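Structure, as structure tokens:
Worth saying up front: this structure is predicted, and the values here are computed from it rather than measured. Atom set for the values below is all heavy atoms of this structure, side chains included, hydrogens, waters and symmetry mates excluded. Each chain gets a letter, A, B and so on, in the order its sequence line appears, and its residues count up from 1.
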Amino acid sequence: MLTVSVKWQKKVFEGIEIDVSLPPYVFKAQLYDLTGVPPERQKIMVKGGLLKDDADWSSIGVKDGQKLMMMGTADEIVKAPEKAIVFAEDLPEEEQATNLGYSAGLVNLGNTCYMNSTVQCLKSVPELKSALSNYSLAGRSNDVDQTSHMLTVATRELFGDLDRSVNAVSPTQFWMVLRKKFPQFSQLQNGMHMQQDAEECWTQLLYTLSQSLKAPTSSEDSDAVKALFGVNLRSRVHCQESGEESSETESVYSLKCHISHEVNHLHEGLKHGLKGELEKTSPALGRTAVYLKESLIDSLPRYLTVQFVRFFWKRETNQKAKILRKVDYPLELDIYDLCSEELRKKLEAPRQKLRDEEGKKLGLQTKSSSKDGDVKMTDAEAPSNESGESSTAAQQEGASSSEKGTHMTGIYDLVSVLTHKGRSADSGHYVAWVKQESGKWIQYDDSYPSVQREEDITKLSGGGDWHMAYIIMYKARFVSM
Amino acid sequence: MLMGLCSTLFFQESLGYRLTGSGGDIGSWGHEYVRNLAGEIAEEYTMRQSEEASVEDLMDLVKQIVAFHMKHNAETEAVDLLMDVEDLDLLLAHVDRTNFRRTCNYLTSSAKFLPGPDDMLVLDIAYMIYMKFEEYPNALQVALFLDNMQYVKQVFTSCTDLLRKKQFCYMISRHGITVELDSEMVADKDDRDMLQDIVNNTKLSEGYLTLARDIEVMEAKTPEDIYKAHLLDGRASSGPSVDSARQNLAATFVNAFVNAGFGQDKLMTVPSDAASGTAGNWLFKNKEHGKTSAAASLGMILLWDVDAGLTQLDKYFHSTDNPVLAGALLGVGINNCGIKSDCDPALALLGEYIDNEDSSVRIGAIMGLGIAYAGSQNDQLRSSLSPILNDAKAPLDVIAFAALSLGMIYVGSCNEEVAQSIIFALMDRSEAQLGDALTRFLPLGLGLLYLGKEESVEATAEVSKTFNEKIRKYCDMTLLSCAYAGTGNVLKVQDLLAQCGEHLEKGDIHQGPAVLGIAMVAMSEELGLDMAIRSLERVLQYGEQNIRRAVPLALGLLCISNPKVNVMDTLSRLSHDTDSEVAMAAIISLGLIGAGTNNARIAGMLRNLSSYYYKDASLLFCVRIAQGFVHMGKGLLTLSPFHSERLLLSPTALAGIVTLLHACLDMKSIILGKYHYVLYFIVLAMQPRMMLTVDENLKPISVPVRVGQAVDVVGQAGRPKTITGFQTHSTPVLLAAGERAELATDKYIPLSPILEGFIILKENPDYREE
């Protein structure tokens, strides 16, 4: 009979008797009573190893009064989770792309940054992407010429490639087709393709797409591109000399922001852009007279494109000069006062609703903590933003006719900025800055996408030699009623 | 004869007159005369030595001069003269209570600059003087420096005070060597058990946690707390939706390093609820071999707390998943690092897995044993590990880790049999195997056997010349650098530098260990260290790419846990290098130099690097590991192998660091491959950088201390201040690199003059409350 003490975890059990005539299993059973650890899970350290169930006590050489150490728990044994965890490294390359949260960049093929940045900006419009994916080879209507068709297909392919790839995509096919369709982009200078005006590329591309994406029924409504980007303007043309007045409507794809000495802000520029003078023959006077043209927005697009008129033709130097003036633009644009009376009436109710919703959220938040309301403001906006997005998605499914649920508010959120850096339109560098669905801003500098802070986006407003906004795109905020 | 004497004395005029003159009091001519005389004696002595002439008349004079110097506060000059005439023993007769400290101080610090075997001789004298004046803690320090167990024993037998012996035990435990106390050293059995407990480091965990509670850093930190992604531009919201195995593995390591020794964290030790064990979940968020590191991280979190560690690791022992089991085994080893116990739990638990059929389990067990028994020279382990080396069927990785573990266990022992087995293993390797990245662990294991043992390596170095040329030079460099590690031997630094100066054809890898060798040899004292840093800058400019990859690592070793600004700048520059391996090495080294310091500047650099490299998974992994290093133990730990005012070099700690650095020489195939758990070798060097005062019953007590920058007072006149720019704290306190503490109260007397680690305080009987 031996007496030993056993140390288990932080406890010491003193004076445990060992009957050396019985196998160690009996001793383990004794310990089971004390610790609750089943014998098969007990590990008892003795000289030279672990105590075996069938060992002989005499050969182990346990001495009277010795301190033994036992290891073991009655805990549950760790099991692997039933559902295997999927690691990013295991995923195929295509899926890794989606995990980055933004898509790949585009390789510069030699002064093609104007095209790359245009493509990146347009790609950020999901509705355009889905319209393109519905465009099929068979659905080609006869009034679309071969090159337009090819360009549309190339655009679709390029968008698809960008979504799938992790590394920068080379838009070779797209570029070839674009040059075929618009030979002006093939201009050479010193054997190199020249830098082009991104605005021209943007307009032409959008025009082509609008032509080819027209449904075969060719009614006005089914023009997908127009539904997305088209702005209807109603203009009042007025001649001060004769007092003649006429009104006309037109549809444009972008608003112009004219930059003059008084313009410091996008809003002023837009107002300026909607007013114009033109000379035409007055039937009343029988000679050309100056007419004043004042336009107001008659219908709102889902995506509002604004072009900063930064380039003008300088006659004395015979080149396109750039206006470097700083023109601020907001992340959230309200164009209510640029709208026509009828449209304003329509907007009243949804705007009220939006205000109520925001107020409610704010009100709730102020109750919980009255401090730093500024921060809360931005917080509160985010969810409303999301609901807007989800509703547009819903809207899409149910075709454009069922616009019962959601309404335009005349409020727009900035989603992409195309900037230019340099002193003239045909030189310098174009870069796209696009807001992702996750809310992150990504700068697409040709093949290098990089994450940017939101506050840096509004700093692209010009006034120096830094990148400055040339074309910006806003997305409408909807409210469900 | 007389003529000859005169001719040699022609230049030593005063010495000539003194010898031919009447003698008389040597001091009557003043200090300058004596000093001049001493100089002439030194010259005359060397001249006569070369002519093999008698020096007896000179020695008489020497005795007079030494007696004069020692009486007149010129101990340094007395020592210099005696060193010149090679008769230091004379010193013993002339030291007294008033000047022995200054004398010994000069002796020990000059030892670093002396060539062998003079340095040993000098330290021997210092030891004898300390023993003569019963200054046992210092004597023990010198004995440990000399690695002379006989002296260590003598200290114990000469001292009769039990409390002081306890202090000795604390000093030995900090040094990390295995000492069995016997009845001669401590007579009473109960006392012996208690002292042995201290030597075995069983109280380390308790002391460390006391420190942590006092500083209020017990709260567990998550890897995200370390990454501080919210301070980076625009990346805050970028939480990936899918788990990345690489990133999770990095998080596992960061979590382990940061919470090392605290016994709690937020990933591994969280109590698992019955339905979905969170702890289990994190384990399985690591992929395959990643699970090994994850399971082992539990051992790191519960570092030094063997009871709790074994309890927590137990659940993994029943896993059917081999990587998990391997991790559990490794975890036990890590958990027991530096802690010895007569139950030998690590050996009992791991022993039976050494010959497991799964090689990952085998490696786990072997590496665990290497870490747990580093420096123990355990024969039982040798007999079970050695056969693996010469087993023709064993895979290369198992052999490599077995060699490494044997090197650790027998570190600095010069054990012939182990050396033989490793040499045979190296000879048996095929051409292809010699090209494998892991093969480098074989020469390294061999080198560790001779760590700091200088000439003892020569026989083995001779044998290594017969190896296959693929590994020969690598082996040569590794042996040389290990053998002279921490000696500051300038000649060896030059040898190694010459190796780095060669421009080789591609494929030769031996320049890596040569560069590391420069750092290993030169790291022991400040002056050589600064010179090495400057030389490495040169090497960086003119060296080939394989050298450039090793330079950051060498810098990391030189300034480990000591973030010098100039080195930090160099590494920061290299961390953006176009060669990704240079960048990786620089990033890891940034972590090493800041290890355990929480250095804000390095933390900021690493944070920026994490955003700079966010797309490169490998570099990002390195950045994460470095971040884990910098915040190691939440800033309570150090990796520096030097302790006791930078005099002593812990061999096991150095072995751990050197192993990690050698693994970093081929980052891609080892750390970024499936052997990332070699990172855990760093545990050997992890020590709390604390000063904890305990009373006579070894319970912590708080006393005021002044902590400031240490001042070098060697050879200075009077009683200069030993610290500068100090602040007063109450214990326990943290000591940064180059800092020194002194008690700010007379109420207690510390039992060791070196205020580091555990310090026993005795009440001052002469103290009166004011």
Side-chain angles (χ1 to χ4, degrees), chain A residues 7-12 37 40-52 66-91 95-96 98-102 166 436 438-443 448-456, chain B residues 232-248 272 274 276-277 279-281 283-288 290-291 295 305-321 324 328 332 341-352 380 611 614-615 617:
Chain A
K7 194 172 175 206
W8 179 67
Q9 299 190 358
K10 302 251 158 176
K11 286 174 246 170
V12 179
V37 181
E40 62 275 12
R41 291 191 53 183
Q42 293 179 5
K43 293 191 187 68
I44 298 161
M45 329 286 167
V46 289
K47 259 262 166 312
L50 295 175
L51 183 64
K52 299 263 182 339
Q66 195 174 340
K67 220 185 219 176
L68 296 177
M69 193 168 166
M70 179 182 129
M71 181 178 158
T73 46
D75 292 356
E76 204 182 338
I77 295 166
V78 266
K79 279 195 204 77
E82 276 152 35
K83 208 173 117 241
I85 290 164
V86 181
F87 294 107
E89 281 87 345
D90 300 337
L91 295 174
E95 285 177 56
Q96 284 188 13
T98 54
N99 288 321
L100 280 175
Y102 52 85
V166 186
Q436 306 296 307
S438 57
K440 271 190 296 185
W441 279 91
I442 304 293
Q443 177 196 12
Y448 306 107
S450 60
V451 185
Q452 298 290 331
R453 283 186 296 192
E454 191 157 53
E455 55 261 41
D456 287 340
Chain B
L232 291 171
D233 299 342
R235 299 267 150 63
S237 57
S238 63
S241 49
V242 180
D243 277 297
S244 155
R246 201 27 105 54
Q247 289 314 310
N248 282 1
S272 51
S276 62
N281 271 351
L283 180 71
F284 293 104
K285 282 202 168 168
N286 290 281
K287 208 175 133 187
E288 293 156 33
K291 284 185 271 192
D305 188 354
V306 177
D307 297 325
L310 295 185
T311 312
Q312 295 247 22
L313 281 164
D314 180 65
K315 53 182 177 286
Y316 299 142
F317 270 87
H318 304 277
S319 173
T320 48
D321 202 359
V324 176
V332 169
S341 155
D342 16 317
C343 294
D344 270 335
L347 183 57
L349 287 169
L350 306 191
E352 57 181 299
Q380 199 184 338
S611 90
Y614 76 109
K615 275 191 109 172

Exercise. Output the distance between atom CG (B:D314) and atom CD (A:Q42), rounded to the nearest 0.5 Å.
Key: 10.5 Å
Self-check item: Under 4.5 Å from any heavy atom of chain B - which part of A:L68
Solution: backbone
Practice problem: Please report the shortest heavy-atom distance between A:M45 and B:A348, naming the atom on each side. | Solution: SD-CB, 3.7 Å
Quiz item: Could you state the interatomic distance from CD (B:E352) to NZ (A:K52), rounded to the nearest 0.5 Å?
Solution: 5.5 Å
Quiz item: Hey, is NZ on B:K287 packed in by over 12 heavy atoms from elsewhere, all under 6.0 Å?
Solution: yes
Quiz item: Taking atom CE of A:M69 and atom CG of B:L310, what is their separation to the nearest 0.5 Å?
Solution: 5.0 Å
Quiz item: What residue in B:N286, B:V306, B:N248 has the most heavy-atom pairs under 4.5 Å with chain A?
Solution: B:N286
Quiz item: How far does CE of A:M71 sit from CG of B:L349, to the nearest 0.5 angstrom?
Solution: 5.0 Å
